[in-house]
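What follows is a single structure, written as structure tokens, with notes after it.
A quick note: this is a predicted structure, and the numbers were derived from the prediction, not measured. Each chain gets a letter, A, B and so on, in the order its sequence line appears, and its residues count up from 1.
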Amino acid sequence: MTSATLDKSYDPQQVEARWYSYWERNALFTADPSSLRPPYSIVIPPPNVTGQLHIGHALDNTLQDILCRFKRMRGYEVLWMPGTDHAGIATQNVVEREIAKEGLTRHDLGREKFIERVWKWKEEYGGKIINQLKRLGASCDWSRERFTMDEGLSRAVREVFVRLYEEGLIYRGDYIINWCPRCHTALSDLESEHEEVKGGLYHIRYPFRNGQGWITVATTRPETMLGDTAVAVNPEDPRYKNLADDKVVLPLVGRELPIIRDSYVALDFGTGALKVTPAHDPHDFDLGRKHGLEVIRIMDDSGRINELGGAYAGLDRFEARKKVLEDLQVQGLLEKQQEHLHAVGHCYRCKTMVEPILSKQWFVKVEPLAAEALKAVQQGDTRIVPAQWTKTYYEWMTNIRDWCISRQIWWGHRIPAWYCECGEVIVSRATPDKCSKCGGGDLRQETDVLDTWFSSGLWPFSTMGWPDQTPELKKFYPTSCLVTGFDILFFWVARMMMMGIKFMGEVPFKDVCIHALVRDAHGQKMSKSKGNVMDPLIIMDQYGTDAFRFTLAAFAAQGRDIKMSEERIAGYRNFVNKIWNAARFTMMNLEAGGGQAGEDDKLAPTLEDRWILSRINRTAAEVAAAIDDYRFNDAAGAVYQFAWHEFCDWYLELIKAPLYNQEDPAGQARARATLAEVFSRLLRILHPLMPFVTEELWQRLPGVEGSIMKAPWPEGRPDEIDLEAEAGMELIMSAISAVRNIRAEAGVAPGKEVPVVLSFDQDSARRMLLGHAGRLQSLAKISSVEDVPAGRAPEKAASAALAGVTLYVPLAGLVDFAAEAARLAKEIAKLEKEIAPSRKKLTNEGFLAKAPAEVVDKEKAKVGEADSKIGRLQDSLAKVKSFL
RNA sequence: AGGCACGUAGCUCAGGGGGAGAGCGCUACCCUGACACGGUAGAGGUCAUGGGUUCAAAUCCCAUCGUGCCUACCA
């Protein structure tokens, strides 16, 4: 392969397809638990099997990939554990929809057949996202890919369930839970998403039994009155101190209800009187228990009024509300209704309004687990980055309530509990064949399955073979870092913390790196219903994966939402192309040397060599530090700045002269050697961010063998840091810019060469500029450089004041003195404006007295420098004006 | 109701007590033998508002306005 085959512009499509399979074939992603290298491990947040790669996954996995590739290059044994989540409700919904097309429900098929169908679906369509992650370049160890319903992981689930049960941390009981009437299952508190809903607050009269007036209750849920078993008021409420009767008659139903007094009732809300429906409201449930109230559940699992709802039986809850209100209106019992804004839970899977319903479910007693998880972060075993999320984590961990883990669906880990006719409940790792109490053989397994998050909570260790003691666990647990969005901090991170500490005795990860949500260019959350989703696959097709990844990294500033913009992606596409062309240039020149580069580089390095080596050292260090700190945007920014604005803009331009100078073969070889070295390092610095193009270019570099993935990260070389070269280059670059500016402002044709006269007031500046006059000439199109004493400077010239030198471009006949005067005046004004704050500071006695000496010195130096420049510019201005 | 962020160039965003930055866009010139997905030179900002701390505030503190998000059982 030679640069003859390197196209003029980068075409991502063909390159990307080639390298991913190369990496996989060569097992470059595979982790070796017996390696002696230090471990670095990440478990992927397992996407749903039903999932399609969206931009949030893309961000999340790009960041993980950057970390993994970087750590590999730095000599770590890296395990990036991949896999997918069985996503109980979501997956079941998908397959139910599929069989619905055949006119079937899951009940037509029966549990076993239905689950077979789900597995079949999973084999066929599930895990599409895995290939999409590969498109993204994710360097996961696919040989270890896991699925939460795998046999091994299922064993871990059973083990955990049984142990928690045996310790009394799992229990079963009747409580109010969040019920989704569409999915027909219980949900945890987290899975019920609160959304503001405009509802009504209805004031309803409950007449006293004795006919002496009524009590008015206020409610947002009039339809649940069918299940009312009391009315409650606050014992302190003067309005209700002396009531006409101690019982009311429930309208529409006719049941007599006691009036209970409880301080729970707020005095200042509604009417101060509360209807109590223990079967359909969590607080009412508590009140009911406390006061020994009857519990009447009036709704079925689909949210329809059941036979206990009398005339309303069969009506959907919303129809029932309407009808109840109508009937109350007719009877004159609806005193008033007002608009009322309140937060109502919605199913996180299907957005159906959640129904709080009394039901028998399994729960995890989380308090003791949460206490440990809280402590682990407090004492720094796990660090949350950025730290602002720590508080949120604490808040949740301290206010946590028991976790409802049973789901009335079929797809998932079936709860390992069996019921015997004798009433015994057997919870066991292995399927029992007879009752442990009565010996009976007629056992029925619990039909409920576990919350999907129960199994994903075990992910960091179940994927590594737990409950067995495996080499993987030994080497890679606890994992180094977890990268995820804050939206699942509670759902998942918190649960992994609890489970990891409980069962491994150690936190599951040392760091939690929390990144922002990706939004569209207007800051809206991307969603299918809004139609503002950006499909990462299409983006990758259009701009290339590397450009996309680089954009994500550049946007990933901590603690902020990301507004994705296509313009930015296009900008970084251009950057990738810039790298490509820098490579094109590099290779053309390396080949021109017949592959001899590096052999004859004994010559002392030139200024630009020293400078670029110094700069790339700093850049490598900066990028490394940024990645280590999860400041991905800083990493991207630093390498972008270096590659484009130092390496390409200046260094490549500067070495064209020596590279093209046939008369100095040694100088050519030396330039080639540095170029090859610096470019090789640049590719390696870029690799974690843009793996594909860097691999392609790496493998085309002469003398390179093997993947860039195996190449070492360019660690710092303190000997190459060169302050003198950096300062010298500053001066040279400023001189070149000054000449270019003068040329542009004077309208000198780009091709025309101009003479330059320099008048020095510092010897170091003289040595630097005259010693590198050739560089000046080639980059600023200069015909000659002349050194004159200050007094002999050309008069009819445009000029610029630099540090230690005044630069003149004599433009006899060309120079427009009026324009030059304006330019100088502008320059002076700009300098004055810039230096004004410093001047002010130096007149401030407090500043001189209290500011650190080095700050004062710095300000003085700044003013001195500016004064020198301004003075020289004013001299020039006066001269120019004299010709007007 | 509480909590957490955020208001910086036309747009999208970095920065975070001592010289206002980037990308895109804009203006002018240039197809210069890596690159027009390019080059060179420019224009553009009282860093939301009002106070305070400090020798020094875009940066720290308080308040106000605006925006977004999270948590929450006043029916």
Rounding to the closest angstrom, what is the interatomic distance between [N] and [M] at atom [atom1]?
| N | M | atom1 | result |
| --- | --- | --- | --- |
| B/G50 | B/U46 | P | 13 Å |
| B/U59 | B/G68 | C1' | 22 Å |
| B/G52 | B/C70 | P | 37 Å |
| B/U40 | B/A34 | P | 14 Å |
| B/G44 | B/G21 | C1' | 13 Å |
| B/A22 | B/G15 | C1' | 10 Å |
| B/U32 | B/G38 | P | 16 Å |
| B/C47 | B/G16 | C1' | 11 Å |

Do the side-chain N or O atoms of [X] get closer than 4.0 angstrom to the phosphate oxygens (OP1, OP2) of [N]?
| X | N | result |
| --- | --- | --- |
| A/K578 | B/G39 | yes |
| A/R584 | B/C35 | yes |
| A/K841 | B/A56 | no |

Check: A/K336/A/T216 side-chain N/O donor and acceptor closer than 3.5 Å: no

I want to verify a distance call: between [options], whose nearest atom is closest to the [X] side chain?
| X | options | result |
| --- | --- | --- |
| A/N633 | B/C35, B/G15, B/A41 | B/G15 |
| A/L652 | B/G19, B/G39, B/A34 | B/A34 |
| A/N741 | B/A5, B/G42, B/A34 | B/G42 |
| A/K8 | B/C55, B/A41, B/C35 | B/C35 |
| A/E859 | B/C24, B/G39, B/G18 | B/G18 |

Between [atom2] of [N] and [atom1] of [X], the distance in whole Å:
| X | N | atom1 | atom2 | answer |
| --- | --- | --- | --- | --- |
| A/W389 | B/C70 | CH2 | C1' | 7 Å |
| A/Q662 | B/G33 | CD | C1' | 13 Å |
| A/I736 | B/U40 | CD1 | P | 11 Å |
| A/N581 | B/C35 | CG | C1' | 3 Å |
| A/E854 | B/A56 | CD | P | 18 Å |
| A/Y660 | B/G33 | OH | P | 9 Å |
| A/K391 | B/C69 | NZ | C1' | 15 Å |
| A/L659 | B/U32 | CG | C1' | 16 Å |

Sugar-phosphate only, base, or nothing, as touched by [X] at under 4.0 Å among non-hydrogen atoms:
| X | answer |
| --- | --- |
| A/A851 | base |
| A/S737 | sugar-phosphate |
| A/R740 | sugar-phosphate |
| A/K858 | nothing |
| A/P852 | base |

Look at the rings of [X] and [Y] and say which category their plane angle falls in: under 30° parallel, 30 to 60° tilted, over 60° perpendicular.
| X | Y | answer |
| --- | --- | --- |
| A/F575 | A/W644 | parallel |
| A/W389 | A/F486 | parallel |
| A/Y348 | A/F491 | parallel |

Under 6.0 Å between the ring centres of A/Y543 and A/Y572? no

For A/D262, salt bridge (Lys or Arg N to Asp or Glu O under 4.0 Å) partners two or more places apart: A/K290

Residue pair A/D281 / A/T224, side-chain heavy-atom distance below 4.5 Å: no

Dot-bracket encoding of pairs in RNA chain B, which uses [ ] for pseudoknotted crossings and | for another strand, Watson-Crick or G-U under 3.5 angstrom: (((((((..((((....[..)))).(((((.......))))).....(((((..]....))))))))))))....

Quick one: closest heavy-atom pair of A/A583 and A/L697, and the distance? CB-CD2, 3.5 Å

Where is the tightest heavy-atom contact between A/V197 and A/H346, given as atom of each residue plus distance? CG2-CE1, 3.8 Å

Distances under 3.5 Å between protein N/O atoms and the N/O atoms of nucleotides 71-75 of chain B, please, pair by pair.
residue	atom	partner	partner atom	Å
B/C73	O4'	A/H283	NE2	2.8
B/C73	N1	A/H283	NE2	2.4
B/C73	O2	A/H283	NE2	2.9
B/A75	N6	A/A266	O	3.2
B/A75	N6	A/F269	O	3.1
B/A75	N1	A/A266	N	3.1

Between A/A582 and A/S838, who's closer to the 5' end of RNA chain B by nearest nucleotide? A/S838

Judged by each residue's nearest nucleotide on RNA chain B, which is more toward the 5′ side, A/E834 or A/N577? A/E834

Using a strict cut-off of less than 4.0 Å between a Lys/Arg side-chain nitrogen and an Asp/Glu carboxylate oxygen, indicate whether A/E865 and A/K862 qualify as a salt bridge. no

Short N-O contact, A/R700 and A/E696, less than 4.0 angstrom: yes

Where along residues 636-648 of chain A does a heavy atom fall under 4.0 Å from RNA chain B? A/Y640, A/W644, A/H645, A/C648

Counterpart residues, ring-ring contact (aromatic ring centres under 6.0 Å, His included), relative to A/Y202 (two or more places apart): none

Report all side-chain donor-acceptor pairs from residues 850-858 of chain A shorter than 3.5 Å, counting only partners two or more places apart or in another chain.
none

Quick one: do A/R839 and A/D867 satisfy salt bridge (Lys or Arg N to Asp or Glu O under 4.0 Å)? Show the steps, please. CA-CA 10 Å; A/R839 286 196 203 284; A/D867 278 340; 2.9 Å; yes

